[in-house]
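Step one of this worksheet: look at the structure below.
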Amino acid sequence: MNTYLFRKVTPLVALLGLGLTACQPDIEDDFRADKGSADFSRYIAVGNSLTAGFSDGGLYLEGQQNSYPSILAQQFSLAGGGEFNQPLFTEAQSNGSGYLRLTGFTAAGTPTTANVTTNLAVRSATPLLYTRYDGRVDNLGVPGIRLSDIQTPGYGSTQGNPYFERITSTSTPTQSYFQRVKAEAATATFFSNWLGNNDVLGYATAGGAANIITNVDTFRLKNNRIINVLTASGAKGVVATIPDVTNVPFFTTVGPTFRATLAAASVPGIVVQTGSAFGGPTSTNRKQVATTDIRDASGSGRQLFTLLSSPFLGLLNQRTGRAWRYVYAQSGQPAAGFSLFLTAYGIDTTATFGTSAGNPIPSLFVLDDVEQGLVRTATTSFNSSIVAKANEKGLAVFDANAFFSRVATSGIVTNGVNNTAAFIAGNLFSLDGVHPTPRGYAVVANEMIRAINAKYSAKVPTVNANDYRGVRFPQ
Amino acid sequence: MNLKSLLLAGGALLSGSAAWAGGYQVTLAGIKNNGMGGVGVGLSLDQAAMFYNPGALAMVKERGVQIGANLTLARNAFVAEGGNQQRQLRNTVTTPFSLYAGFGPSEGKFRAGIAVYTPFGSKLQYADGWEGRTSLTDIDLKSIFVQPTVSYAITDQLSVGAGLVVLAYGAVNLQRDVPLPDSYGHIELDGKAETKMGFNAGIFFKPSDKLSVGINYRSKIDAQVKDGDVTFSGIPASFSSRFQATRFSATLPLVATTSIGIGIMPNEKLTIGLDANLAQWSKYRVLRFDFDQQINGSTSSESKRFYQDALTFRLGGQYKLTEGLTVRAGGVYDETPVKDGYVTPETPDNDRLSGTLGASYAFGKFSVDLSGQFVSIKKRTETQADLLNNGTTDRIAGTYKTNIVIPGIGLNYAF
C-alpha cells in the first residue's frame, strides 16, 4: 500500500515541481535593449553646467555621478555602449567647487541654506582653479560656457574658465573649447550637445542687470560649427533645445509669496530698478510695479523676482542700504567704490527701500516684463537655429523647452510619484533654483533616450527616475 | 471515452481555461469542481453545492463532511514602461480552503448544512525596490465566509435552497513605500473587517436523468474596515509631522455574482457541466481610505478602480473510470473586470484562461479528491499615456504577466 501510494504520488510531485518552474512567466525578451541604427561605442557629451552635472549652485562628485550624460552612458552600455569617463572629483575632494545645502526652514516656511566649504577641490583661490583632471574625458560639460565662448583661445587657460582649465592639457593651454571638441569628435560614434543655455540664462538670472544676450547670428554660426564638427566623422547624436528659463524656481518661487505679503499689508505697488544703465530717481531705469503685476502661482501678473531677492524683500519700507551693499559686493569691485556706485545710480539709502524711487529694489533681483520679452525672443530664435541644424544632419532632438514648459504647467509623474517645477517640494530642481537635482537629471536622460529611440529605431531602456533623489534634506 | 482520450481532451483545454475568477475573487470552493473548470451550478456533485448552488443540495444523495484545501502559487513578471528589468514577486503561497457538512434525513426532502469557504483573497509581495513601490509593495487580503444552508426538494425534479452568508473573518494588510524628496518611508495599513451578512440562493431543476440546470445568486457584501491600524516606518524626523495618521477606515465591495449552469449526463459514468457567471464588479468604483489624521496634508486618499461587470465561462467533465476512480478535466475563460489603464499592482489582472485536471478515489465511505489548475493571465500592458488620460497616475505603467498553479486536495466522508 505504501509503495503503491509512493509510486502514485512521486510523479505527481515531480509534475508539480515542473509545473511551478514553467509557471514563472518571462517577458524580459520582449524588452531587450537594442542600439538600432545608432552606435554607442564611444559617446561624448558636449555642453555646459547641465551637462557637467552642476547642482545646488556647485559642481560636486554626487552631481557629476548623476549627470544626464553619465545616466545616458550607463543605459547605452546595455546597447553596445563603451566606457565613459567623466572628470570626477576625488572622494577626498568630493565637494568640488562647494555647493548649497539645505539647513532647515524658518518659522514662516522659508528654506534656509548654507555653503558647503569642506573637502573642496580648489587648488588656487586667486585665480580660482580646481584640481586638475588629466585622464581621458568623455563628458566635456563645462559649467558657465556660452556658445559664444567656444572659439575663444585661452578659455581653458589659468585666466579662463576654471572648469575648462582643469581638463585642458597643460601642453596646449590656449586650446579653445571648439578645438577640444573637434579632437574628441574624431573618434566619437555618438554625441549629445546641449550648449546655449548660458547665452541667455546669465542675463536672465542677473535680472537683466548684467551679461548680454548672445547675438542671434553669432549663436547660429557657432551652433552650426559645433554640429558640423561633431558630425564630421559620421557620428549620430542628440541635441537639446534651450528651456524658457522663466519657468524655473529661481524666478517663480519668491514673487508669489512677496505678492501675497504686499496684498496682506495693502501695499498697492513698489519701485524697482531695471536694466544696468546709470541714472537717478527720475531716469528710465526706475519702474513702478503694481502689486497685482507680480506673477503669482497661477500665472497672473508679469514681474518675476529672483531667488536671490528672498533675503532682502523683508526689508521693504525700511531705510536701509543692505540690498545695495549685496549688489555691489557681487561686482567684485573694491569696497571703496561703493559710494561712487550709489551716486551713479542715484541711490539714497536713507529713503524707504522698495517704496521710493530713491531706494528701489535693485535690478539684479527683478526680471521685468520687458527683459522677459528679450529672453523669450532670444530663446525662440536660438531654438529654431538648433532644430534647423539638427534636422539638416538627421539628429535626434530633445525639445527641452517644450518639455520644461509642460513640467511647469502640469508636472511630471514618474512611476506613480508626482514631480513639479516647484522649489524643493517639486523634486526636480536643486537649491540654486536653476539646475536639476539627480531626479531632474534622470528625467532629462529619459526624455533624451525617448528622442534617441524614436530617431534611430533604438531600444535603449530608460531608468526609474525615482531611484534618483530630489532635494537632500538635513539629516 | 477512455482515460487516454480524456487526458488528451484535458491537455487541449490546458492551453485554454480556469481557477481564480477575475479581480480578487477566488472560486476554489470544491476540489471536485476545481478539477472540472469550477463548474457546479447545474450539478449536484457533493456538499460543495452549498457554495455553487444551495438549490442543488437537496438533490445530493449522500450526507457527509468534506474538507478541501488548495495552494495557490502565483508567479508574476513585470517590466516598467521604457525599462528592461524584469521584476518578480517574492513568492508566496496562499491556502484557500473549504469545509462542508451536510445533514438531513436519508429519504427526506430537506437537507441542511454548513459551509465555510474563502471566496475572496489575494496575496502579492512585490520585489524590493520595484518601480511601483509607491503604489504597493505588499497586499494580503483574506476572507472567511460561514454559510448555514437549507435546501428543499419541492418535487423529485425541482429543488430550492438558500444560505445565510456571514463574512466571519476578513483581514486586509496593504503596504507601500512613501516617496520623500531624498528617501523612502513605508506605510502599512492593517485592519479587520466588520462581520457582515449576505445571502446565497439557488434553484435546481433536473427534468431527466441526462439533464440538469441551475441558477444561483450570491449577494454583495461590503467588507468594511473601521479603526484599522496605520503604521509608518522609515520616516525621518524632518518629515514626521506630515505623517500623523494612526487609524484608517475603508470599504471593499465583495461583489454579487449571478450564475447559471447546465449539467449533462449522457450515461452513468460521464458528467459534463457548463457554467456562466456574471460578477457585478461595476460596483467597485473607487478605493477610498479615510484617516484619523493627515497624511501629507490630506485625511483621505482615493484611487480610481472603475471596474466593469465581467463574465466567466466554465466547461468541465468527469468520467467514472472504475468503481473507485473518477477523473476530471475542464477549462475556464474569465473576463477581466479591470479596464485598460486601470490596472493596479493589487490585481495585475487581465482575461484569464485556465486548464484543470482532477481525480477522486473512493475507499468505501471515504474518498480523496485531487485537483490541479493552471491559470494563465494574459499579458497586459498599460502605458503612461493611458494613465494620464484616465487620471490614474497613482499606479505604474508597464507590462504584467501572471501565471498561477493551484494544486488542491479534498477529503470526504459520506454517511
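Chain naming here is simple, since letters A, B, ... match the order of the sequence lines and numbering starts at 1 in each. Any value given below was found using the heavy atoms of this structure, including those in side chains, with hydrogens, waters and symmetry copies removed. On a predicted model such as this, the values are computed, not experimentally measured, just so you know.
Contacts between A:Ile449 and chain B at a heavy-atom distance below 4.5 Å are absent for every atom of the residue. With a 4.5 Å cut-off on non-hydrogen atoms, B:Thr399 touches chain A through its backbone and its side chain both. Contacts between B:Thr393 and chain A at a heavy-atom distance below 4.5 Å involve backbone atoms as well as side-chain atoms. Contacts of B:Gln384 with chain A are made by side-chain atoms alone, with heavy-atom separations under 4.5 Å and no backbone atom involved. The contact between B:Thr402 and chain A is made entirely by backbone atoms, counting heavy-atom distances below 4.5 Å. If you measure heavy-atom distances from A:Pro474 to chain B, the contacts under 4.5 Å come from the backbone alone. Only the side chain of B:Pro179 comes within less than 4.5 Å of a heavy atom in chain A; its backbone stays farther off. Both the backbone and the side chain of A:Asn466 come within contact range of chain B, with heavy atoms under 4.5 Å apart. Of the two parts of A:Asp30, only the side chain, counted from C-beta on, holds a non-hydrogen atom closer than 4.5 Å to a non-hydrogen atom of chain B. For chain A, the nearby part of B:Phe239 is the side chain; its heavy atoms alone come within less than 4.5 Å.
With ring centers used as reference points, A:Tyr43 lies under 6.0 Å from A:Phe84.
No hydrogens or angles considered: nothing links the side chains of B:Asn350 and B:Thr336 as a donor-acceptor pair under 3.5 Å. A donor and an acceptor atom, one from each side chain of B:Ser376 and B:Lys401, are located under 3.5 Å apart.
In this pair, B:Trp130 and B:Phe78 present their aromatic rings perpendicular. The plane angle is above 60°, beyond the 30 to 60° band.
Identified under the salt bridge (Lys or Arg N to Asp or Glu O under 4.0 Å) test for residues 452-471 of chain A, with sequence neighbours left out: A:Glu62-A:Arg469.
When each of A:Ile27, A:Leu78, A:Val463 is checked for heavy-atom pairs under 4.5 Å with chain B, A:Ile27 comes out on top. Contact tally against chain B (heavy-atom pairs below 4.5 Å) for A:Asn464, A:Val460, A:Thr462: the top residue is A:Thr462.
Residues passing the ring pair (Phe, Tyr, Trp, His ring centres under 6.0 Å) test with A:Phe423, sequence neighbours excluded: none.
By the 4.0 Å N-to-carboxylate-O rule, B:Arg380 lies close enough to B:Asp340 to be salt-bridged with it.
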